[in-house]
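The analysis underlying the following values was restricted to heavy atoms, covering all of them including side chains, and did not include hydrogens, waters or symmetry mates.
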Amino acid sequence: MSSIPSHSMSIALLILLAATADCFSFRISTPLAVRLGVSDSSLFSNAANVEEKRDVSELPLPPNLGMNLYRNIRDSISYLTNPDRFVADRSSKLGPIFLSYQFFRPTVFLGGQKNVQQFISRTELKNNVVYPALPDTFLELHTKWGALNMDSTQPEFKEVRKLFGDVLSSREAIEQYSQAADKEISEYVNSLAERVQQNPDGTIYLVPEIKSLCLQIFAKIFSGQGLTEEQEQQFNDYNDALLSISKVTNQYKKGKTALDDLRIEMLQRFRSLDDPNISSDTPGKWYHDQICDRPNFGDNEERISTGMILFIWGAYIECASLCVDSLALSYKYGLQDKIDGILKEYSTRRATGIPTSDPKFWDEMPYTNGICRETLRIAPPGAGVPRFAYEDFELFGYRIPGQYPVMLDPRIGNMDPTLYTEPNSFEPLRWVPSKKGVLQSSCPFQGTALSLGIGSWFPGGFGAHQCPGVPLAELVGRMFLTKMALRFETWSFHGDGLTKDGEIDYVKIPVRMPPNDFGMRFSLREQ
């Protein structure tokens, strides 16, 4: 993944671009009629009880440190440079709801469990806060078929959310995909073990390898075939271009070319599975049939090919981030305890006789899943997608001007000590039921994260546009962590890709990920 824009352009140039309003352009589409129908979240059930809107013109803006050109430039660059630090600093000074700038545009940041609950259950649909506020480069490359580019009132949005539920998070989907993931991860870990055996002191640059692994897994799941090195690079070029400075940059042009080429390739793969005599066990066939049998999908070739690209892209980048970060944070916060917990759970599951290719094997691994969830809590891959309304509305006693985006930010609640005891501690037992599993401890907050309720933890965003792929990502994460713990006794950072303080020098935009030169060393476990 390439560096963020502030690494590749001088501050002076960024200031010039911001001052001339050409740095990021945002598309404002004509609003569609709002249809308050059935949502894929029960939280929306009361949204149709719309009250008469009152005059909000006299209400104050949310807390802020000033709204002017100087603050715009300073805040936008600060966010691009280190969004985690920026959000932590502002929320500590201003509280869980504040107004600042993101991508050179006024943006309301919103966090905290109760605030998030109320926004989702009432404000979002009542005030039509449903329109995407993303840079024009993202909107173009994500295309009109991407759910992040749709407002939640569109019929197409409801179609795609139904598709997400069926092909990403349903039990049938997980069963279809677990075998492919199990095979690919096992092959990668075995290959890595062979390389470590041959060169025990060698440095492994894990990030490009895990990106490749996840690309191969999801390309086979959604298109039936793996990817060539050139095609892998096209997906990386596409991802890097999403938040390009502008559409005139070479970065954007490479991403657009990659998208066009991948559309042709994906459509060919899809059509190769049209034969009804092809076995349903053939890679990609189950997904193909789900699309063909769906109104408004099977006969729309652009939607088919683009959808395949977006499924592969979304799954690979989120899963790669989780796999690498879970290894890194396990080491940072006390590796041996984490490995011991994983191996105890694995031993218990093996005793059941269920094969590892069956998702049931991975269902009852709360501690290993707790490592994944603590990773997503301590180091969430990103924030929610900012959405705006066209008219001013009230939010917790503040006036939100029309076309000011609101972004639900998980980082604010993730570090709230009233939700998470000792929030800076990496403790997988938060996610382990106190009376379940092979791990029992004296940890005073074992299982506490499981009872916090809606709005306390949302690593894939929240509301109508929340990511539906978290269950699939967690499955891949559990598989990856377990197979690594089985083959390697220890792992550690090795110099490259770290800050002067020894912390990982993350690339934070668009998705949090260690840099490609992040080095690790592994020690084999005696078999």
**OP:** State, yes or no, whether a side-chain contact exists between Phe396 and Leu110 at a heavy-atom distance under 4.5 Å.
**Re:** yes
Original post:
For Tyr177, which of Phe218, Trp362, Phe222 qualifies under ring pair (Phe, Tyr, Trp, His ring centres under 6.0 Å)?
Top reply: Phe222
Original post:
Is it true that atom CZ of Arg74 has more than 12 heavy atoms of other residues, nucleotides or ligands lying nearer than 6.0 Å?
Top reply: no
Original post:
Taking the inter-plane angle between the rings of Phe518 and Phe493 on a 0 to 90° scale, is it parallel (under 30°), tilted (30 to 60°) or perpendicular (over 60°)?
Top reply: perpendicular
Original post:
Quick one: which of Phe426, Tyr367, Trp457 gives a ring pair (Phe, Tyr, Trp, His ring centres under 6.0 Å) with Trp431?
Top reply: Trp457
Subject >> Expected output: side-chain Asp501 to main-chain Glu503 donor-acceptor under 3.5 Å >> reply: no
Original post:
Does Glu318 have any salt bridge (charged side-chain N to carboxylate O under 4.0 Å, His left out) partners at least two apart in sequence or in another chain, and if so, which?
Top reply: none
Subject >> Residue pair Ser425 / Tyr420, side-chain heavy-atom distance below 4.5 Å >> reply: no
**OP:** For residues Ser186 and Thr356, determine if any side-chain heavy atom of one lies less than 4.5 Å from a side-chain heavy atom of the other.
**Re:** no
**OP:** Dump the intermediate steps for salt bridge (charged side-chain N to carboxylate O under 4.0 Å, His left out) on Lys183 and Glu187, then the final yes or no.
**Re:** CA-CA 6 Å; Lys183 178 177 181 294; Glu187 290 178 357; 2.9 Å; yes
**OP:** Give a yes or no answer on whether the side chain of Gln117 reaches the backbone of Ile454 with a donor-acceptor pair at less than 3.5 Å.
**Re:** yes
**OP:** Would you check if there is a donor-acceptor pair between the side chains of Thr448 and Arg430 at a distance under 3.5 Å?
**Re:** no
Original post:
Hey, does Gln102 have a side-chain heavy atom less than 4.5 Å from the side chain of Leu80?
Top reply: no
Subject >> Arg349/Asp363 salt bridge by N-O under 4.0 Å criterion >> reply: no
**OP:** Check the surroundings of atom CZ in Arg195: do more than 12 heavy atoms from other residues, nucleotides or ligands lie under 6.0 Å from it?
**Re:** yes
Subject >> Side-chain donor or acceptor of Asn115 paired with backbone N/O of Gly111 under 3.5 Å >> reply: yes
Original post:
Is the Tyr287 to Phe311 ring centre distance short of 6.0 Å?
Top reply: yes
Original post:
Above 12 or not: heavy atoms from other molecules or residues under 6.0 Å from CD of Gln179?
Top reply: no
